[in-house]
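Note sheet for the following structure.
Just so it is clear: chains get the letters A, B, ... in the order the sequence lines come, proteins before strands, and each one is counted from 1.
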Amino acid sequence: MEYNFAEVEKKWQQRWRSDNAYRVTEDADRPKLYVLDMFPYPSGAGLHVGHPLGYIASDIYARYKRMQGFNVLHPMGYDAYGLPAEQYAIQTGQHPATTTQQNIARYREQLDKIGFSFDWSREVRTCDPAYYRWTQWAFIRMFHSYYCYDAQQARPVEELVGVFAQQGTTGLNVACSEELSFTAVEWCAKTEAEQQQTLMRYRLAYLGEAMVNWCAALGTVLANDEVAAGLSVRGGHPVEQRKMRQWCLRTSAYAQRLLDGLDSLGWSESLKETQRGWIGRSEGAELAFRVKNSDVALEVFTTRADTIFGVTFMVLAPESGYVAQLTTPAQRQEVDAYLEATKRRTERDRMADKKVSGAFTGAYATNPLTGEDIPVWVSDYVLAGYGTGAIMAVPAHDSRDYAFARHFRLPIVPLIEGCDVSQESFDAKEGVMVNSGFLNGLTVQQAIQRAKEHIAETKLGKVKVNYRLRDAAFSRQRYWGEPFPVYYKDGMPHTLPESCLPLELPSVDKFLPTEAGEPPLGRAAAWAWDTEKSAVVETAKVDNRAIFPLELSTMPGFAGSSAYFIRYMDPHNPRALAGKAPNAYWRSVDLYVGGTEHATGHLIYSRFWNKFLYDIGATCEDEPFRKLVNQGMVQGRSSFVYRVVGANHLVSAGLKDRYQTQEIHVDISLVDKDVLDVEGFRRWRPEFADATFELEDGKYICGSAVEKMSKSMYNVVNPDDIVEKYGADTLRLYEMFLGPLEQAKPWDTSGIDGVHRFLRKLWRLFYDRQGSFDVSAEAPTPQELKVLHRTVKKVRGDIEAFSLNTAVSALMICANELTDLGCRKREVLRPLTALIAPFAPHLAEELWEALGGGASVCKVPFPDFDPALLAESALEYPISVNGKLRFKKTLALGLSKEEAQQLLLADPRAEALLGGRPLKSFVYVPGKIINLVC
RNA sequence: GCGGAUAUGGCGUAAUUGGUAGCCGCGCCAGCCUUAGGAGCUGGUGCCGAGAGGCGUGGGGGUUCGAGUCCCUUUAUCCGCACCA
């Protein structure tokens, strides 16, 4: 029998399925291990060859650990809510649920062909009401929680109400949109509506007037991580800042815990740095500048409290509420014109031209330390969303303030001895203070400290830590997402009772906003809440007594992906996201594999969400992902043809410099080793059916480039095609063989024959030329055992270190050596089969069966190695003197340094090498080299 | 601008973590077997040189008996953040 991968793989995939081979249950007698992949968004394009990279790596790891006796949870599911399905729905009228369903079916088919060991009985889909009821449930809990900084955890809002009634805001240390101050008496005097409005500032899920990223083209609000350089990440449409009433999550409350938690995680340093940067902790002081002839005190945040003596003006962000309040009548026109101009500029324009612009409000504030009057300006270089939306400007020591001061001819007062600010500001935090009153003579570092103390003592302000991490915008004006379990009574939001969940997504006639500009849910015929019947009823029935309109926006994509890893632990539980017992068993994800693109999105949100669930006792671990491996992106290799501009004439790549040409992407299936299938191309692109082709050596050579793998570049490689041609085991091996997992790499199929050949070579260790099974019961030689045990040791170490490319190489070397030795012995081939099982499970099963090994190779213990066997054998070492002279010497492994020295000095050749010189020292590296140092 | 990472044959990469640089694979060359083949097998393959030999891990410097690996410096590429006060 020849190695017929198609047959073998089909056979074992069917058997695994019918045996439920990879189903797991909690088992207190075995150690658990939770190995998770980031679940995919099922797009219409299907899986490309890049998607399974991480899945294969984690599958190898999961299979390996399973063979070592771990009870491995290795599930898979779908992040099924998302923009593309909705936009497709708008274009075609097809319900997103239908297309999503179809895409999922396609994904499943593709995944099944690769031979993963997922427990599909635990599949989770975010758009499934049985799942998203827990997304809605968490939202309700957030709505009814506030964050207490003293306890460092989320607490029920009722508790806060009790505090307010007893002591008002005195002594309160809690997360809040805007700090308020009232007494218990004042609290009790508030109306119900006022109390609710006040509480809204404390809730972890709150309705707020927030500056949001509004994308007009998508018709929705986007989160910060969904916007890059002023454009939407999806689609690349312009995004503007807008103040809107939106649901928000108070992620900022968890900033410090999100930061601290990173230290204990087994993530790459660069990923942790990215998150640290995104959280953006900075220590400084907040202090107030009194505005003259007004009762306004402008609060500013600064990390350079030492520079207050050099504050020569202040700047407000254009969006700041104080602008209108402080602008004098004389300056009104100029300021209004400036605000108008800024509003028209998009975020992107602002970034593109960094021209200094601004306007004087006419108001003056008083520098609290110098007592001088300083002008208050408005400029768009100050951000509304960071700090207080106002700054104290120190032009001598901040380059942005410097540019502004220069442009508007404002005074610049240097504060550091000997610094030159005639050309540029001196931003470095070094030197000795001058012109700074009581700070004179101190170093900058000392002065920062002293100034902060002074501010706190004199009550000018207080020491404060500021974070860049902002609250997450949580509303999307879209259809295809989780509905909010919220109805509105007298304009105030109320949550549905938890017992009424899930609140299912209603059907609508179209997926577009309503004519009135409401989100698509405004079209739903039945989208009102009957508080008496606790049921969704027709929208038309809304009245003033018991029936109220439901929230029209839906939750963003990250909502559903923020707790799915907990659901896998107990996926069918109707009473909890996950039951206490399964949760206590599986705890958290031991290994999480996925792309870096989620560094500041999913991986922040889900940590936040998990910490909240931890606070309310819904999960037993504070951090969801102990270890995380980022697989590098698999890029595509695109091919191009070159069209002569203005002519229906295409020239081969080597000739393109002779003409003025235009690059055109060509489908890579029409290109083989850079040679274009000209006839195929004509058929593919009818507009070139009668084009003329200028060839080189009778061939049309295409150009190429490494780009993102995408449909529009025509460079997508489908794993199905690889499986068809080479088999799943070859695909698995080859994806690992490509290089280190974390590295980005272009897909290049040209090396795949090598690993395919390896599998055939392996097959031939079991089957002879005629194709009959031919394995002997003879005892292996020490040399054969050494080859085996060395490989086992190497492969074990490599899998533990997640160095799967070198593990595959080691297996290939092993097969080569056994072939060279002509070793076809059962005692060697049995462990070898178990060794390759995680990598090439189908082939391993087949060979295992042929060996008569028992039910399934996936259930046998992973082979171990005998260190003694490896140490016993003699090896050849070179000896060198001062790294120059060398000759060979045979020594036994496993000697101590002293033993080796004795042996060495007794060796006549060492004596000759030394030539009478005394031996100063020597370097003995077991198994490697002996170097004599004279 | 700030932060992080990477740099090794024609290509993807490896190097027992400071110890003979280039394992494994692709490609290429030669041979065998078949020969219509992009099939299979065996051997060779860092560069220069006929040879002895010399040179080689982006460039420059350093530490060391010994450096791809450690330190300083510089260049290039990729990624993240980007008016964060």
Syn or anti for B/U17, given that syn means the glycosidic angle lies within 90° of 0?
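Base orientation relative to the sugar is syn.
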Within 90° of 0 counts as syn, otherwise anti: where does B/G9 fall?
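With its glycosidic angle within 90° of zero, B/G9 counts as syn.
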How is [X] classified with respect to the nucleic acid when contacts are heavy atoms under 4.0 Å: base, sugar-phosphate, or nothing?
X	value
A/S282	sugar-phosphate
A/Q743	sugar-phosphate
A/R764	sugar-phosphate
A/R790	nothing

Choosing from [options], which nucleotide comes nearest the side chain of [X]?
X	options	answer
A/V382	B/A14, B/A85, B/C81	B/A85
A/R468	B/A85, B/A82, B/A14	B/A82
A/K725	B/G38, B/A85, B/G3	B/G38
A/E273	B/A14, B/G3, B/C81	B/G3

Separation of atom [atom1] in [X] from atom [atom2] in [N], rounded to whole Å:
X	N	atom1	atom2	answer
A/Q635	B/C78	CD	P	11 Å
A/D380	B/C83	CG	P	11 Å
A/E742	B/C78	CD	P	21 Å
A/F758	B/G12	CZ	P	23 Å
A/Y402	B/C83	OH	C1'	18 Å
A/L811	B/A14	CG	P	16 Å

List the atom pairs, donor and acceptor, that lie under 3.5 Å between side-chain atoms in residues 738-746 of chain A and the rest of the protein, sequence neighbours left out.
from, atom 1, to, atom 2, distance (Å)
A/K745, NZ, A/P740, O, 2.7
A/K745, NZ, A/Q743, O, 3.4

Going by distance alone, is a donor N or O of one side chain under 3.5 Å from an acceptor N or O of the other, for [X] and [Y]?
X	Y	value
A/Y605	A/T251	no
A/H756	A/T730	yes
A/E299	A/T388	no

Check this for me: does any side-chain nitrogen of one of A/K794 and A/D798 sit under 4.0 Å from a carboxylate oxygen of the other?
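Salt bridge between A/K794 and A/D798, a charged N being under 4.0 Å from a carboxylate O: yes.
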Determine the minimum heavy-atom distance between A/S750 and A/Y734, stating which atoms define it.
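For A/S750 and A/Y734, the tightest heavy-atom pair comes out as N-OH, 4.2 Å.
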Quick one: what's the B/S/- string for nucleotides 24-31 of chain B, heavy-atom cutoff under 4.0 Å, read 5' to 3'?
BSS-----
Rounding to an integer number of angstrom, what distance separates B/C24 and B/G9 when you compare their C1' atoms?
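Those two atoms are separated by 14 Å.
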Using side-chain heavy atoms (C-beta onward) and a distance below 4.5 Å, is A/I813 in contact with A/T791?
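A/I813 vs A/T791: side chains apart.
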Evaluate the ring planes of A/W763 and A/Y767, with Trp represented by its six-membered ring, and classify them as parallel (under 30°), tilted (30 to 60°) or perpendicular (over 60°).
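The rings of A/W763 and A/Y767 lie parallel, inter-plane angle below 30°.
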Pair assignment for B/G3, Watson-Crick or G-U wobble, requiring both distances under 3.5 Å:
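By the stated definition (distances under 3.5 Å), B/C79 pairs with B/G3.
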